[in-house]
Number of protein chains: 2
Amino acid sequence: MMSKSTVLDKMKVEGLRLTPQRVHIVELLFELSHPTADRIYTMMTEKFPHISLATVYSTLKKLKEIGVVRELSSGDKSSHFELAETDHWHFNCKVCGEIYDLEPNDAEALVAVGMNNGAFHLDSYRVEFYGVCAKCNA
Amino acid sequence: MMSKSTVLDKMKVEGLRLTPQRVHIVELLFELSHPTADRIYTMMTEKFPHISLATVYSTLKKLKEIGVVRELSSGDKSSHFELAETDHWHFNCKVCGEIYDLEPNDAEALVAVGMNNGAFHLDSYRVEFYGVCAKCNA
DNA sequence: ATAGGTGCAAAGAGTTTGCATATAA
DNA sequence: TTATATGCAAACTCTTTGCACCTAT
């Protein structure tokens, strides 16, 4: 589990300015579960009433570039974002739209496939499950 | 490996009309590798000079609904589409943009995680790897 | 001091929708 | 015959860009 100061340090090291807006976006990424840019924007307006969606997108893009944020591009709707921390997989409920984090069982074997016998250079990978969660199935 | 007539039968069964446009879209899905809607549209214009992108999107949407097509939503760019046939995983090269099909090693163990101890109803899943392919790494 | 960030508005890309015409069944 | 598909254009959503002003370093 990454800490907030680890993220902020990383941002500084990578040459990103630590504006109050950016700091709060990072805080929200720790508080919210897989938020969309718009969700972050809405939460931001409580503390920064005049913030722009463009600022949110711009910050998320930079955080993605330095590798502390992952973008989850979900088919027909808007992207969700998460801190690129531990290795985990996602379950996407088609009824309520909730995204659940799941623990991998054997990530190493999976990664071996992704490297294609060493032929490919692997940066990252994602595992996404789709279906109906326990709550919605009841 | 699904056959073209299997797909067309399925479409008929599901109440979709077999128009010449739709038949050719299906043919293109067999010929092309993970095409975008726009790629299919461009190929379609050779045979149907006045076809509309809307028709392509509409057909892909219906094929997705009846489960013969999968949409691969790729982050910041447009979606790619593929026939929902065999169980396979993808490697996405960030340099050339190519999408490679990979053979799963142990899909069952993976699916077991996705079912979350039987709590979730699993429709489907995807495994996406990101990195640099052999060709671009040379 | 100044490179980089912010907020605003406008532009862009991809996808969907409304509607009149055409057509598969 | 008639419910559904097509093609066109316009609309929509999400995201990016341009620019003048501001601010973290």
Side-chain angles (χ1 to χ4, degrees), chain A residues 5 7-26 28 34-66 68-81 97, chain B residues 5 7-26 28 34-66 68-81 97:
Chain A
S5 57
V7 172
L8 297 180
D9 282 355
K10 172 92 178 176
M11 290 169 71
K12 210 167 209 165
V13 166
E14 297 281 347
L16 299 193
R17 282 195 193 160
L18 262 44
T19 64
Q21 290 93 330
R22 287 183 171 173
V23 172
H24 195 48
I25 286 175
V26 169
L28 288 176
H34 315 98
T36 59
D38 195 69
R39 178 87 210 290
I40 293 173
Y41 167 73
T42 303
M43 297 298 287
M44 286 295 288
T45 57
E46 291 179 8
K47 208 166 179 176
F48 302 89
H50 297 293
I51 195 176
S52 158
L53 238 190
T55 299
V56 174
Y57 274 109
S58 151
T59 297
L60 290 172
K61 190 176 192 174
K62 305 221 165 187
L63 292 177
K64 226 174 60 171
E65 283 167 7
I66 68 171
V68 308
V69 155
R70 263 189 232 125
E71 181 176 0
L72 313 175
S73 31
S74 36
D76 32 298
K77 32 187 187 303
S78 51
S79 285
H80 292 249
F81 296 86
Chain B
S5 57
V7 172
L8 297 181
D9 283 353
K10 173 92 178 176
M11 289 169 71
K12 210 165 208 166
V13 167
E14 296 282 347
L16 299 193
R17 281 194 197 165
L18 262 44
T19 64
Q21 290 93 330
R22 287 184 172 172
V23 171
H24 195 47
I25 286 175
V26 168
L28 288 176
H34 314 100
T36 59
D38 195 68
R39 179 87 210 291
I40 293 173
Y41 167 73
T42 302
M43 297 298 288
M44 286 295 288
T45 57
E46 291 180 9
K47 209 166 178 176
F48 302 88
H50 297 294
I51 195 176
S52 160
L53 239 188
T55 300
V56 174
Y57 274 110
S58 150
T59 298
L60 290 172
K61 189 175 192 175
K62 305 222 164 183
L63 291 178
K64 229 175 56 173
E65 284 168 6
I66 68 171
V68 308
V69 155
R70 265 188 230 125
E71 180 175 2
L72 313 175
S73 31
S74 37
D76 32 300
K77 27 186 189 311
S78 50
S79 286
H80 292 248
F81 296 86

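Every chain is numbered from 1 and lettered A, B, ... according to where its sequence line falls, protein lines coming before strand lines.
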> Looking at residues at least two apart in the chain, or sitting in another chain, which of them share a salt bridge (charged side-chain N to carboxylate O under 4.0 Å, His left out) with Lys10(B)?
Replying inline: Glu14(B)

>> With a 4.0 Å limit, can you tell me whether Lys62(A) has a side-chain N or O closer than that to the phosphate oxygens OP1/OP2 of dG5(C)?
In response: yes

> Who passes salt bridge (charged side-chain N to carboxylate O under 4.0 Å, His left out) against Arg70(A), sequence neighbours left out?
Replying inline: Glu82(A)

> In Å and rounded to the nearest 0.5 Å, what is the NE2 to CE distance from His24(A) to Met43(A)?
Replying inline: 7.0 Å

> How long is the line joining CD of Glu71(B) and C1' of dG14(C), in whole Å?
Replying inline: 11 Å

> Bend angle of the helix from dA1(C)-dT25(D) to dA25(C)-dT1(D) from five-pair axes at both ends, rounded to 10°?
Replying inline: 50°

> Atom OH of Tyr57(B) and atom C1' of dG14(C): how far apart are they, to the nearest Å?
Replying inline: 5 Å

> dA9(D) P sits how many Å from His50(B) NE2, rounded?
Replying inline: 12 Å

>> Measure CZ/Arg22(A) against P/dG4(C) and give the value in whole Å, please.
In response: 11 Å

>> Can you tell me how far apart CE (Met44(A)) and OG1 (Thr42(A)) are? Round to the nearest 0.5 Å.
In response: 11.0 Å

> Hey, does the side chain of Thr55(B) come within less than 4.0 Å of dG7(D)'s phosphate (OP1/OP2), counting only N and O?
Replying inline: yes

>> To check you understand the geometry: which heavy-atom pair defines the closest contact between Ser73(A) and Ser79(A), and what is its length?
In response: CA-OG, 3.7 Å

> Between atom CZ in Arg39(A) and atom C1' in dT13(D), what is the gap in whole Å?
Replying inline: 19 Å

> Does a side-chain N or O from Ser79(B) land closer than 4.0 Å to OP1 or OP2 of dT15(C), or not?
Replying inline: yes

>> What verdict does the side chain to side chain contact (heavy atoms under 4.5 Å, CB included) test give for Ile40(B) and Leu60(B), after you've listed the backbone C-alpha separation in whole Å, the side-chain angles of each residue and the deciding distance to 0.1 Å?
In response: CA-CA 10 Å; Ile40(B) 293 173; Leu60(B) 290 172; 4.0 Å; yes

> Any side-chain heavy atom of Val7(B) sitting closer than 4.5 Å to one from Met11(B)?
Replying inline: yes

> Roughly, in whole Å, what's the span from CG in Leu53(A) to P in dT13(D)?
Replying inline: 13 Å

>> Need to verify one output field. Residue with the more 5' nearest nucleotide on DNA chain C, Asp38(B) or Phe48(A)?
In response: Phe48(A)

>> Just the rounded figure in Å: distance from C1' of dT17(C) to CG of Leu60(B).
In response: 17 Å

Only distances under 3.5 Å count here; give the side-chain donor-acceptor pairs of residues 46-58 of chain B to other protein atoms, sequence neighbours excluded, each with its distance to 0.1 Å.
{"residue": "Ser52(B)", "atom": "OG", "partner": "Ala54(B)", "partner atom": "N", "Å": "2.9"}

> Can you give one letter per nucleotide of nucleotides 18-25 of chain C, going 5' to 3': B for a protein heavy atom under 4.0 Å from the base, S for sugar-phosphate only, - for none?
Replying inline: -----BBS

> Rounded to the Å, how far apart are Met11(B) CE and dT4(D) P?
Replying inline: 15 Å

For residues 15-23 of chain A, which side-chain donor-acceptor pairs fall under 3.5 Å, sequence neighbours excluded?
{"residue": "Thr19(A)", "atom": "OG1", "partner": "Arg22(A)", "partner atom": "N", "Å": "3.2"}
{"residue": "Arg22(A)", "atom": "NH1", "partner": "Arg17(A)", "partner atom": "O", "Å": "3.1"}

